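What you see is a predicted model; the values in this text were computed from it and never measured. So you know, we letter chains A, B, ... as the sequences are listed, proteins then strands, and number each from 1.
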Number of protein chains: 2
Amino acid sequence: MARRPPLSKGEMEVARVLWQLGQATVRQVHEAFPPGREIDFTTVQTYLRRLETKGYVKAKLEGRTLVYAPRVEPRKVIGQAVDELVDRLFGGEALPLMQHLIEEGGISDAELAKLRKLIDRLEHEEPRDAH
Amino acid sequence: MARRPPLSKGEMEVARVLWQLGQATVRQVHEAFPPGREIDFTTVQTYLRRLETKGYVKAKLEGRTLVYAPRVEPRKVIGQAVDELVDRLFGGEALPLMQHLIEEGGISDAELAKLRKLIDRLEHEEPRDAH
DNA sequence: CCTGAACAATGACAACTGTACGTGACGGAT
DNA sequence: ATCCGTCACGTACAGTTGTCATTGTTCAGG
């Protein structure tokens, strides 16, 4: 895979919206932004353009409008970002981050239950370190 | 508390080392960097200076050397960074991040067990949303 | 006392990031 | 056919970040 420059915060934000939409024009991405988050139309435009030059999305001219579509799996990018955060803030250990999330972050009881299920499932599915 | 400008990646890296050391000179911080991570002495110096002007650390002149010490709780800063990541990558939901960590990140069986204990403990201690 | 090695502090700078302005093209109303 | 509003595009720009070169200062040996 081509070595892509990392995403900045703003770029990540826009990429996330595009992932949700699957494919969209600048306007659609702009409108799909969460209500609280005010951002200029042209700013979104710039981010999308940069995402394209960085190779994260592809743009197709449809009529007279560019339609953007993702080009990389969200999992990949997100995973990368998470890994980096884990490295920088927790010395590469995932568990402390978990602990932080559980203890400090607002995790509801329902979510805790889900979490427990996740763990159960994983323990059954993958008893050994595959890969 | 004073509103502090956010920490950049590099600043965070240096801050982490300083937290571990508790208190240190530039040289000590520089030497305490993980082996793989090559970084210039003066770069560390610059980061520490910026951390000071940003209010995250305090510097005390000891002899003719500045000794830096943390000024804010790691938990605070880390929490902030984590929150931001959760916002930007997971729409503010902590659970998906957990899921990602469990499924993709390298979590060992032992860690899974610890995690389960954490959950148990939390469920018992705090049956209701006590904020 | 003079000199230079060792080390600290500051200044500088290119690249990147976040944000927006000005310019031009299209389509409907006159 | 012309004018006007809407929309998209490229360009621009100031602030931040990552990195280092240069300058200043102290101490040991001659």
Exercise. Mind checking what makes salt bridge (charged side-chain N to carboxylate O under 4.0 Å, His left out) contact with B:Glu13, not counting sequence neighbours?
Worked result: A:Arg88, B:Arg37
Exercise. Mind checking whether A:Leu66 and A:Val26 have side chains closer than 4.5 Å, heavy atoms only?
Worked result: no
Problem set entry | Terminal axes of the helix from C:dC1-D:dG30 to C:dT30-D:dA1 (five pairs each): angle between them, nearest 10 degrees | 30°
For this session: Only counting residues at least two apart or in another chain, list the ones meeting salt bridge (charged side-chain N to carboxylate O under 4.0 Å, His left out) with A:Arg75.
Result: A:Glu73
Exercise. If you look only at pairs with a residue in residues 53-94 of chain A, which of them pass as a ring-ring contact (aromatic ring centres under 6.0 Å, His included), with sequence neighbours excluded?
Worked result: none
For this session: Check each residue of residues 6-21 of chain A for a non-hydrogen atom within less than 4.0 Å of any atom in DNA chain C, then write out the ones that pass by number, or none.
Result: A:Ser8, A:Lys9, A:Gly10
Seminar exercise, completed: Applying side-chain hydrogen bond (donor to acceptor under 3.5 Å, both in side chains) to A:Lys9 and not counting sequence neighbours gives B:Glu84
Exercise. Who are the side chain to side chain contact (heavy atoms under 4.5 Å, CB included) partners of B:Lys58, not counting sequence neighbours?
Worked result: B:Ala69, B:Arg71
Problem set entry | Student check: side-chain heavy atoms of A:Leu118 and B:Met98 closer than 4.5 Å | no
Result block: side-chain N/O donor-acceptor pairs under 3.5 angstrom for residues 42-53 of chain A, not counting sequence neighbours:
residue: A:Thr42; atom: OG1; partner: A:Asp40; partner atom: OD1; Å: 2.6
residue: A:Thr46; atom: OG1; partner: A:Thr42; partner atom: O; Å: 3.0
residue: A:Thr53; atom: OG1; partner: A:Arg50; partner atom: O; Å: 2.9

Seminar exercise, completed: Those residues at least two apart in sequence (or on a different chain) that pass salt bridge (charged side-chain N to carboxylate O under 4.0 Å, His left out) with A:Lys60 are A:Glu62
For this session: Return the residues of residues 39-50 of chain B meeting this criterion: a heavy atom under 4.0 Å from some atom of DNA chain C. Order them by number, or give none.
Result: B:Phe41, B:Thr42, B:Gln45, B:Thr46, B:Arg49, B:Arg50
Seminar exercise, completed: Nt span of DNA chain C in reach of chain B heavy atoms at under 4.0 Å, 5' end first, is C:dC7 to C:dA12
Exercise. Are B:Leu89 and B:Leu97 close enough that some pair of their side-chain heavy atoms sits under 4.5 Å apart?
Worked result: no
Problem set entry | Inter- and intrachain pairs under ring-ring contact (aromatic ring centres under 6.0 Å, His included), touching residues 18-44 of chain B, at least two apart | B:His30-B:Phe41
Seminar exercise, completed: All heavy atoms of B:Lys54 vs all of B:Pro5, minimum pair found to be CG-CG, 3.6 Å
